[in-house]
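First up is the structure itself, then whatever we jot down about it.
A, B, ... follow the sequence lines: proteins, then strands. Residue 1 opens every chain.
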There are 2 protein chains.
Amino acid sequence: MSRHSPAKRESLLHAALELFAEQGFAGTSTALIAKKAGVASGTLFFHFNSKDELIHALFQDVRARIEAHLRASLAADLPLPERFASAFAGLLHYFLDHPAEFKFVEQYHFSPLCARQDEPYRDHSPLRAILLAAREKGLVKDAPILVLEAVAFGPLVALAKEHANRQTPVDESMVRQTIAACWDGLQSRHCAV
Amino acid sequence: MSRHSPAKRESLLHAALELFAEQGFAGTSTALIAKKAGVASGTLFFHFNSKDELIHALFQDVRARIEAHLRASLAADLPLPERFASAFAGLLHYFLDHPAEFKFVEQYHFSPLCARQDEPYRDHSPLRAILLAAREKGLVKDAPILVLEAVAFGPLVALAKEHANRQTPVDESMVRQTIAACWDGLQSRHCAV
DNA sequence: CCATAAATTGACTGACCACTCAGTCAGCCT
DNA sequence: AGGCTGACTGAGTGGTCAGTCAATTTATGG
């Protein structure tokens with residue numbers, strides 16, 4: 001029973017990820033994906049009913065990897081500010097280390113394929129919980145969650161995009177400065193040394 | 001002599017903007033653009049040599065409109081913090097008011113058509129000058145310009161994207177809160193009531 | 001060792017694509 | 001008037017696309 005022998009399926013997903021990141025969904029033909037994966041063009045449609053279904057499956061795949069990485073960089077026992085820094089820096093590092101996955105997710109998020117409800121990395125994630133908890137404790141500004149998320153995720157995505165699209169080098173100190181600035185922007189103004 | 005009678009050319013650019021924002025470059029056929037513009041399919045290729053050239057011309061068009069709006073919301077005589085708030089809030093308002101232009105520019109920025117040098121709204125813009133001046137005066141953190149831009153533009157883009165992709169309502173107080181948080185994030189930490 | 005099923009192949013199909021081009025037509029100059 | 005020009009038309013062209021399917025190879029179990 002098991003499921004489809006996974007080797008060629010994964011090879012297809014991997015090839016699709018790289019090509020979608022480089023040339024977009026519509027700019028990448030199924031024939032090319034198959035060729036890059038080293039399988040015949042028909043095999044793609046044995047493992048996935050359509051190109052769209054392949055894209056959706058790839059998204060679930062990537063999302064799962066991101067969430068796994070996120071859980072690993074989540075320091076649940078630290079105080080909130082450190083938990084924020086650890087989690088958001090972890091996410092940024094993941095995107096910097098996996099530019100193809102980042103570009104794919106951004107593209108999916110933008111595309112009409114992305115059903116309104118399945119957010120790429122925000123909704124239902126522990127990151128939103130951190131922001132909500134910090135707001136409740138008065139650590140961060142009493143603003144709508146949409147604003148807090150924009151301030152927390154925006155710079156992170158901007159930096160990852162710059163790195164993914166232009167190969168701009170981003171070193172560890174820039175990551176730290178960016179995450180620190182996000183936290184400074186979120187904080188309620190009570191003075192801070 | 002003038003140039004091509006502008007009526008149909010502009011009609012094509014306008015139709016292309018809407019369709020590209022909805023369905024992407026590759027997902028929008030030239031035949032559909034012509035149909036929506038109310039002209040024959042061949043007319044597109046009379047005004048533009050290729051689909052790519054149409055996209056580039058549209059980008060120049062949109063960029064010019066954004067820069068014109070930016071110049072209008074630039075209060076050169078105010079002190080730096082107010083100048084920052086005015087300029088960045090102006091840009092955010094423009095994107096909220098023109099979601100199709102925002103989606104198009106984001107897409108162009110991402111695409112292989114976008115030559116490395118022509119940045120959508122950042123490079124050579126007065127906004128970068130504001131950040132550089134503020135850093136020189138010690139008003140904002142002494143971080144690489146890339147980090148400052150990520151912190152300043154990131155939340156703005158995140159909010160505009162949320163509004164453009166999901167029709168999430170964004171009111172004036174959210175704009176103010178977001179811009180204020182960006183400035184707080186940028187500031188060097190010397191205390192701030 | 002064979003039978004059956006599962007996985008894989010690649011030639012094929014009809015739809016759609018960007019782009020072409022021979023020709024129409026309105027306006028303008030003389 | 002009549003010829004000229006340049007904006008405009010839309011049927012046509014070669015090529016590419018997602019998806020199909022009959023044939024073939026590979027795995028499984030009796």
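Relative ring orientation between B/Phe59 and B/Tyr108 is described as parallel, the plane-to-plane angle staying below 30° on a 0-90° scale split at 30° and 60°.
Between A/Thr43 and A/Ala31, the residue anchored nearer the 5' end of DNA chain D, judged by the nucleotide with its closest heavy atom, is A/Ala31.
By the ring pair (Phe, Tyr, Trp, His ring centres under 6.0 Å) test, B/Tyr94 pairs with B/His69, B/His98, sequence neighbours left out.
Atoms CD (A/Gln23) and P (D/dT16) sit 14 Å apart, rounded to a whole Å. Between the P atom of D/dA7 and the NE2 atom of B/His47 lies a distance of 8 Å, rounded to the nearest Å. The separation between B/Phe46 atom CZ and C/dC19 atom P is 17 Å, rounded to whole Å. Taking atom CZ of residue A/Phe25 and atom P of nucleotide D/dA18, one finds them 13 Å apart after rounding to whole Å. Distance, B/Leu44 CG to C/dC19 P: 9 Å, rounded to whole Å. In this structure, the CZ atom of A/Phe45 is 7 Å from the P atom of D/dA18, given to the nearest Å. Nucleotide D/dA7 holds its C1' atom 16 Å from the CD atom of B/Glu10, rounded to whole Å. The nearest whole Å value for the distance from the CZ atom in B/Arg9 to the P atom in D/dG6 is 17 Å.
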Run A/Glu106 and B/Lys161 through salt bridge (Lys or Arg N to Asp or Glu O under 4.0 Å) and show every step you take. CA-CA 11 Å; A/Glu106 279 286 301; B/Lys161 189 185 288 190; 2.7 Å; yes
Worked check of salt bridge (Lys or Arg N to Asp or Glu O under 4.0 Å) between B/Asp184 and A/Lys141: CA-CA 11 Å; B/Asp184 290 347; A/Lys141 296 183 168 81; 2.8 Å; yes
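For A/Phe25 and A/Phe110, the ring centers sit 6.0 Å or farther from each other.
B/Ser41 has no side-chain polar atom (N or O) that falls below the 4.0 Å cut-off from OP1 or OP2 of D/dG10. Taking side-chain N and O atoms only, A/Lys8 has a distance below 4.0 Å to OP1 or OP2 of C/dT9. Distances shown here put every side-chain N or O of A/Lys35 at or beyond 4.0 Å from the OP1 or OP2 atom of C/dG10.
B/Ser29 comes within 4.0 angstrom of the backbone, heavy atoms only, and of no base.
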Would you tabulate the nitrogen or oxygen pairs shorter than 3.5 Å linking the protein to nucleotides 22-24 of chain D?
none

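Counting only distance, with no hydrogens or angles, the side chain of A/Thr178 and the backbone of A/Met174 share a donor-acceptor pair below 3.5 Å.
A donor-acceptor contact closer than 3.5 angstrom is absent between the side chains of B/Ser50 and B/Asp52.
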